[in-house]
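Heads up, the thing below is written out as C-alpha cells.
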Amino acid sequence: MTYTLTTPLYYVNDRPHLGSAYTTLACDALARFQRLRGEQVLFITGCDEHGQKIQRTAEAAGLSPQAHCDAVSAQYRELWERWQISNDRLIRTTDPRHRRIVEQFFARVEASGDIVEGRQQGWYCVACEEFKDDPHEAQDPECPTHRRPLEWRDELNLFFRLSRYQEQIEALINTPGFIQPASRRNEVENFVRQGLRDFSISRVNLPWGIPVPGHEGHTFYVWFDALLGYITALLEEGDAPDLDTALSRGWPASVHVIGKDILRFHAVYWPAMLLSAGLSLPAKVFGHGFLTREGQKMGKSLGNVLDPELLLERCGRDAVRWYLLRDIPFGDDGDFQQQRFSDLVNNDLANTIGNLLNRTSSMARRWFEESVPPAGPASADDHPLAQAAAAARQTVLTSLEVLNFRSAAEATLQLAIAANGFLNEQAPWSRMKQEGTREQVAADLYAVLEAARIVALLLAPLLPDLSSRMLQQLSHPDPRPGSWEADMHWGGLLSGSSLPEPSPVMARLELDSPL
RNA sequence: GGCUCGGUAGCUCAGCUGGUUAGAGCGUGGGAUUCAUAACCCCAAGGUCGGGAGUUCAAGUCUCCCCCGAGCCA
C-alpha cells in the first residue's frame, strides 16, 4: 500500500507565500516520517494553473497565461528545492497529460448521468472563482473575503449533480477521522445538512482552461480540473496518460493536507466527484489553520507579509521548521512572533539539544580517547535515560501518525531535558577528580550520548538537517527507511567509535532587525 | 440573524467522562555549578480559570443569560 499524501495544488496567481510553505513543510515532515517507518510514500505537491483569475493576472502583466504560469510555478519549484522538500511530484495542471486525465474522468462522470445542463445566474467573485449566494440586494455587491466587486453572470453551464450524493457525503463526513481536526467537522456538517446543490463545473467564454469534450465553448471550472491534479500527479515518468494507470500508482490518497479555507472542496465536492466516477475516496482530509504575524493578518495591504524565501535565507531550514511545527498546534491558527521564534530556536535547539551533545561529546573525548566510552551498566534497558528514551519514542510515533507535530517535538525535547538533568545530577566532571570512578563516568557519558543519538533520530522527520549534523558528530549513520524504529532502541551507539571534535550543531539565532 | 469554536499566570497554551493546595513552556527574579553554544541544573513570584445566576456534598470542568474574539452559513 502506497502512502499518498498531498499538499494543495497552489494557485499560481501570485508568488509563493508563507502559508503555502507552512503546509508544504508539514507535509514534508509527515512524508519523511512515513518513509522512515518503511512506508512506500508518494508525496504530491503542485500548481493549479487555470481559471479566469490567472488569465487576468497574466494579461495585466502583459504575459500569455502560459508564460505567467511557467514563471510562477518555477518559483514554487525553486522554493521547494531550497527548502529541501522531499516531494515526489510537482504536478502542473497545464501538463498535457492532465488534460487527458480530466477528459477520461469527465467521461465517467457523464456516463453515470451526473452531468446536466443548467443556467447559472448570480454574482461571481473572480478572486474566489466562486459564485456567491445572493449577497443581499445591494446594487454593487462585493466579495466579503476579497472586498472586490462581484460580477454578474448569467450563462449556460454544465452542472455536476452533487445533490444526488447527499446521503453518501453525510455518511462520509460522519466517518470518524475523515475530517481532521475534528473541530472543523461541524462546519462542513452544517453546510451539508442544509442540502447539497448541484454546482457548475464549466464556464463559457473562458479560453484559459481545459475544453470540455463534446460541449463546444465550455472549459472546465478550475476546481473540477484542479482537484483531479492529485490523480494526474500519480503518473510516473513514462506512463501513458491513462486514468486507470494513474490510479494504480497510489490511489486513494491517505491524506490531503489543506488550509481550512478549502475544506469544503476537499471534504464534499471532491468525494462526490470521485463517487460519481466510481473511484475510491481519500482516507483523510486535514485542514490546518492560518498564520498571522504579531497578531495581525498578513497581507499586501498591511505590508507585513513574511517571505518564505527570505525567512529561509536569514534563519535556515531547521529554525523555521522547528518554530512552525513545534509551537503551532497543527490544525489551529497560529501567530508568528519574532521574539518567540528566536527564543524557542535558541532555547530548544541551540541550548537544550545542541549544547547537550556538545558538552557530552567534549567530556567523552577528553577522558576516553576521543571516542564513545564503554557502556557498562548503562546499556541496561532500565537505565533512567533508556526509559525516558522509550517514552519519547513512543510519543513521537503516535503523535506523528496523527499529524501532531507539536507533541512529537515536545516529547523529543523532553528527552534532551532529561539527559541534561541526568548529567547535572551525576556531574561526571566532579567524579573525574576522584579515584575509582572512571567506570561510572564512562557509563554516564555513554547514556547521555546515547540519549542524544536518539534525540537526533527522533528529529529526523521534523528537522532532517539538524538530525544529520548531530549524527555526524556521533559518528552514526543517518537513519534508513524502514530501520528507523529499530535504530532507536537503547544501546545502538557503538562504544569505542571515534568522536569528531565537537562544534555547535545549531547556531543561536541573532535577529537584530525585524524579518 | 442562525450555527460552530474559543476567552485559564506578562506571553503561547494543557487541563479526559465535575472531586485533594489549577499545570507546562517562554519571559521575569534568585540560587547552584563549570563539562558545554554567557550554556546546563535547581528554586521562586505570578491566576477571584471573561462576567453573572443556577444545579450539586463538590464546577475552569454541567445548565441558562450576558460581554468579547475568530470562523461557517445566511
Side-chain angles (χ1 to χ4, degrees), chain A residues 130 132-137 141 144-145 179 181-197 259-264 267-268 287 289-292 294-297 322-324 326-368 373 404 406-407 409-414 416-433 441 444-445 448-449 452 466 469-470 473 499 501-510:
Chain A
E130 214 178 7
K132 299 289 168 183
D133 294 325
D134 81 278
H136 314 287
E137 304 85 37
T145 47
I179 296 178
S183 55
R184 296 214 190 288
R185 196 175 66 196
N186 288 331
E187 230 168 77
V188 181
E189 220 168 42
N190 224 308
F191 170 76
V192 174
R193 200 178 318 130
Q194 292 170 9
L196 294 174
R197 285 181 289 175
K260 61 181 181 177
D261 56 329
I262 52 176
L263 186 54
R264 199 199 301 168
V268 179
F290 287 152
L291 297 176
T292 52
E294 312 292 346
Q296 287 196 305
K297 224 173 206 171
W322 181 253
Y323 177 61
L324 293 177
R326 125 103 222 232
D327 201 40
I328 296 166
F330 199 60
D332 294 358
D333 289 343
D335 191 36
F336 189 101
Q337 296 174 0
Q338 182 162 331
Q339 185 63 51
R340 188 166 171 79
F341 170 46
S342 63
D343 280 348
L344 284 186
V345 168
N346 292 343
N347 282 319
D348 300 347
L349 262 28
N351 299 349
T352 302
I353 293 178
N355 184 50
L356 170 70
L357 177 58
N358 200 264
R359 66 196 294 214
T360 317
S361 173
S362 157
M363 286 185 273
R365 277 172 53 88
R366 184 168 311 163
W367 302 320
F368 296 91
N404 191 342
R406 184 193 217 199
S407 154
E410 226 152 64
T412 306
L413 197 57
Q414 280 313 314
I417 288 171
N420 271 318
F422 178 80
L423 211 44
N424 278 51
E425 275 167 32
Q426 302 306 316
W429 50 89
S430 353
R431 280 223 172 97
M432 277 309 281
K433 293 171 187 159
V441 169
D444 291 343
L445 291 181
V448 177
L449 284 170
L466 177 58
R469 270 179 272 130
M470 289 179 73
Q473 298 241 332
L499 291 169
E501 187 164 355
S503 78
V505 286
M506 186 72 200
R508 294 172 60 86
L509 211 51
E510 309 289 352

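In what follows, chains are A, B, ... by sequence order, proteins preceding strands, each numbered from 1.
- Across B/G71, B/C35, B/U4, the shortest atom-to-atom separation from the side chain of A/Glu187 is found for B/G71.
- Taking side-chain N and O atoms only, A/Asn190 has no distance below 4.0 Å to OP1 or OP2 of B/C3.
- Between the P atom of B/A70 and the CG atom of A/Asn186 lies a distance of 20 Å, rounded to the nearest Å.
- Here, B/C41 and B/C35 have their C1' atoms 13 Å apart, quoted to the whole Å.
- B/U37 and B/G23 have their P atoms separated by 37 Å, given to the nearest Å.
- Of all nucleotides listed (B/U37, B/G25, B/C41), B/U37 comes nearest to the side chain of A/Asn355.
- Spacing between B/C68 and B/G52 at atom C1', rounded to whole Å, works out to 15 Å.
- B/C26 and B/U17: their P atoms are spaced 29 Å apart (whole Å).
- For the atom pair CG of A/Leu499 and CZ of A/Phe368, the computed distance is 11.5 Å after rounding to the nearest 0.5 Å.
- Under the Watson-Crick and G-U wobble criteria, each requiring two contacts below 3.5 Å, nucleotide B/U4 is paired to B/A70.
- Nucleotides B/U56 and B/U63 are separated by 12 Å at their C1' atoms, to the nearest Å.
- Judged by distance alone with a 3.5 Å cut-off, a donor-acceptor contact links the side chain of A/Asn424 to the base of B/C40.
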For nucleotides 9-11 of chain B, tabulate all protein N/O to nucleotide N/O atom pairs closer than 3.5 Å, reporting atom names and distance.
none

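- Considering only heavy atoms from C-beta on, A/Ile353 stays 4.5 Å or farther from A/Met506 through its side chain.
- Under the Watson-Crick or G-U wobble criterion, with both distances below 3.5 Å, B/G18 is left unpaired in every strand shown.
- Ring-plane geometry between A/Phe336 and A/Phe341 is classed as tilted, the angle between the planes lying from 30 to 60 degrees on a 0 to 90 degree scale.
- Between the P atoms of B/A22 and B/C49, the separation comes to 11 Å (whole Å).
- Here the nucleotide nearest the side chain of A/Arg508, chosen from B/C40, B/A14, B/U37, is B/U37.
- Nearest heavy-atom pair across A/Asp335 and A/Tyr323 is O-OH, 3.0 Å.
- Proximity note for A/Asn420 (side chain, C-beta onward) versus B/C41, B/C35, B/U37: the nearest is B/C41.
- A salt bridge links A/Lys260 and A/Asp333; the closest N-O separation between the charged side-chain nitrogens and carboxylate oxygens is under 4.0 Å.
- Among the nucleotides B/G25, B/C41, B/C13, the one closest to any side-chain atom of A/Arg326 is B/G25.
- A 3.5 Å limit on both hydrogen-bonding distances identifies B/A53 as the Watson-Crick or G-U partner of B/U63.
- If you measure from atom CD of A/Gln414 to atom C1' of B/A24, you get 9 Å, rounded to the nearest angstrom.
- Figure legend. B/A24 is base-paired to B/U12; pairs are counted as Watson-Crick or G-U wobble with both atom distances under 3.5 Å.
- OP1 or OP2 of B/G27 lies within a sub-4.0 Å distance of a side-chain N or O belonging to A/Asn347.
- Put simply, CD on A/Gln338 is 17 Å from P on B/U12, counting in whole angstrom units.
- Of the candidates B/C41, B/U37, B/U33, B/U33 carries the atom nearest the A/Trp429 side chain, counting heavy atoms from C-beta on.
- Base pairing of B/G46: no nucleotide in any strand meets the Watson-Crick or G-U wobble criterion (both distances under 3.5 Å).
- Taking the side chain of A/Asp343 as heavy atoms from C-beta on, and the options B/C13, B/G27, B/C35, the nearest nucleotide is B/G27.
- Comparing B/G50 with B/C42, their C1' atoms sit 36 Å apart, to the nearest whole Å.
- Pair assignment for B/U34 gives none, since no Watson-Crick or G-U wobble pairing has each distance under 3.5 Å.
- Using a 4.0 Å heavy-atom cutoff across all strands shown, A/Val505 reaches at least one base atom of the nucleic acid.
- For A/Asn358, the listed nucleotide lying nearest its side chain is B/U37; candidates were B/C5, B/C41, B/U37.
- Nucleotides B/G7 and B/G51 have their P atoms positioned 12 Å apart, rounded to a whole Å.
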